Novice: 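Have a look at the structure that comes next, please.
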Amino acid sequence: MTNLPPNDELHTLRDFMRWGASRFVEAGLYFGHGMGSAIDEAVYLVLHAVHQPPDFPENWFDSRVTSEERQSILELIDRRIAERKPAAYLTGEGWFCGLPFMVNEHVLVPRSPISELIEAGFQPWLNPDSVHKVLDLCTGSGCIGIAVAYAFHQAEVDLADISSEALDVAWENIHRHGLDGRVRAVESDLFNNLAGESYDLIVTNPPYVDRDDLESMPDEFHHEPELGLAAGDDGLDLALRILLQAPEYLNPEGILVVEVGNSDEALVELLPEVPFLWPHFERGGHGVFILTREQLLEFRQLIEAVKR
């Protein structure tokens with residue numbers, strides 16, 4: 001239990017934000033699930049406790065809180081410290097590309113740097129007018145595919161995942177964003193249940209955490225589904241399968257976008273001849289590569305030679 005402040009010491013939203021951030025630092029929490037720092041997470045949780053959005057105007061931070069609001073704020077801050085759960089699991093909501101998504105512990109917390117590529121319409125690698133069918137593979141909450149649907153208003157989007165529990169979350173987010181009929185969720189082990197489909201863009205944030213990293217991760221990560229994180233000794237088990245199978249599901253001039261995170265070095269070492277393109281991200285993040293269908297076909301034999 002967090003040592004609670006006396007009733008007469010904290011009065012405003014800003015007071016509780018500062019106090020919460022100090023408690024988070026004191027407790028040694030980890031901030032890597034959509035929040036960059038203790039203050040970011042404290043601001044988010046305090047605003048959620050008083051039913052306000054993350055973009056609530058800062059000039060209102062000096063508003064005084066009621067006794068009921070005070071209790072809600074303190075309960076959230078105390079749970080974050082005691083349970084070591086990412087904030088999104090406490091609120092049931094994560095944000096991606098400026099959009100809200102329902103989340104629970106069956107899906108990863110949205111946080112991929114792929115958001116920058118979505119906001120840029122995947123240019124210059126795609127002509128936005130030519131994007132009519134998109135696949136978000138290993139979709140989890142559906143945040144990537146749904147954000148892509150906002151970016152390409154004419155496109156149909158498939159969200160695929162092996163986990164039925166994750167797909168329940170994805171369907172809830174499809175409904176939440178009013179995208180029924182244009183976005184669908186499909187239970188599939190990678191491409192297994194997508195026979196006959198073809199896409200202009202395949203984008204995926206598959207499991208890519210290697211064995212050593214998984215064991216050493218902070219407590220917060222162990223609340224996320226291991227199915228969405230673990231990918232063998234070097235983190236490449238799924239990425240290699242995707243590389244080999246993706247060209248069969250890409251249209252001519254289509255592209256594959258894959259996040260492999262810290263396993264990027266292992267991938268380049270394993271396939272040094274493959275011309276992976278690694279975009280730079282202005283807001284941080286790394287380990288996302290782009291390949292065209294033609295490149296995947298050109299280097300297929302090399303990929304087959306190393307696939308487990």
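Small disclaimer: the values here were computed from a predicted structure and weren't measured. Position 1 is the first residue of the sequence; numbering continues from there.
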Novice: Does D55 have any side chain to side chain contact (heavy atoms under 4.5 Å, CB included) partners at least two apart in sequence or in another chain, and if so, which?
Specialist: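 Side chain to side chain contact (heavy atoms under 4.5 Å, CB included) list for D55, sorted by chain: P53.
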
Novice: Apply side chain to side chain donor-acceptor pair (under 3.5 Å) to H222 and list each qualifying residue two or more places apart in sequence or on a separate chain.
Specialist: none

Novice: Is there any side chain to side chain donor-acceptor pair (under 3.5 Å) pair reaching into residues 264-279, and which pairs are they, with sequence neighbours excluded?
Specialist: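 The answer is none; no pair qualifies.
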
Novice: So which pairs with a foot in residues 113-156 pass ring pair (Phe, Tyr, Trp, His ring centres under 6.0 Å), sequence neighbours left out?
Specialist: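 Sorted pair list: Y150-H177.
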
Novice: Considering residues at least two apart in sequence or located in another chain, which fulfil the side chain to side chain donor-acceptor pair (under 3.5 Å) criterion with R18?
Specialist: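 R18 satisfies side chain to side chain donor-acceptor pair (under 3.5 Å) with S22 only.
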
Novice: Looking at residues at least two apart in the chain, or sitting in another chain, which of them share a side chain to side chain contact (heavy atoms under 4.5 Å, CB included) with A147?
Specialist: F96, C97, L99, I118

Novice: Could I get the full list of side chain to side chain contact (heavy atoms under 4.5 Å, CB included) partners for L250, not counting sequence neighbours?
Specialist: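 If we apply the side chain to side chain contact (heavy atoms under 4.5 Å, CB included) test to L250, skipping adjacent residues, the hits are I202, L256, R293, L296.
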
Novice: Using the ring pair (Phe, Tyr, Trp, His ring centres under 6.0 Å) criterion, which residues pair with Y30? Sequence neighbours excluded.
Specialist: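 With sequence neighbours excluded, Y30 shows a ring pair (Phe, Tyr, Trp, His ring centres under 6.0 Å) to F221, given in chain and number order.
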
Novice: So, are E259 and R111 salt-bridged, with charged N and O less than 4.0 Å apart?
Specialist: no

Novice: Using only heavy-atom distances, determine whether the side chains of S198 and N251 contain a donor-acceptor pair under 3.5 Å.
Specialist: yes

Novice: Any ring pair (Phe, Tyr, Trp, His ring centres under 6.0 Å) involving residues 235-275? Give me the pairs, sequence neighbours left out, ordered by first then second residue.
Specialist: F191-Y249

Novice: Suppose we screen for salt bridge (Lys or Arg N to Asp or Glu O under 4.0 Å). Which residues come up paired with E83, at least two apart in sequence or across chains?
Specialist: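 Partners of E83 by the salt bridge (Lys or Arg N to Asp or Glu O under 4.0 Å) criterion, ordered by chain and then number, come out as R79, K85.
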
Novice: What residues form a salt bridge (Lys or Arg N to Asp or Glu O under 4.0 Å) with E304, not counting sequence neighbours?
Specialist: none

Novice: Under the rule for side chain to side chain contact (heavy atoms under 4.5 Å, CB included), what residues qualify as partners of E93, not counting sequence neighbours?
Specialist: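 E93 satisfies side chain to side chain contact (heavy atoms under 4.5 Å, CB included) with Y44, T91, W95, P100, R176 only.
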
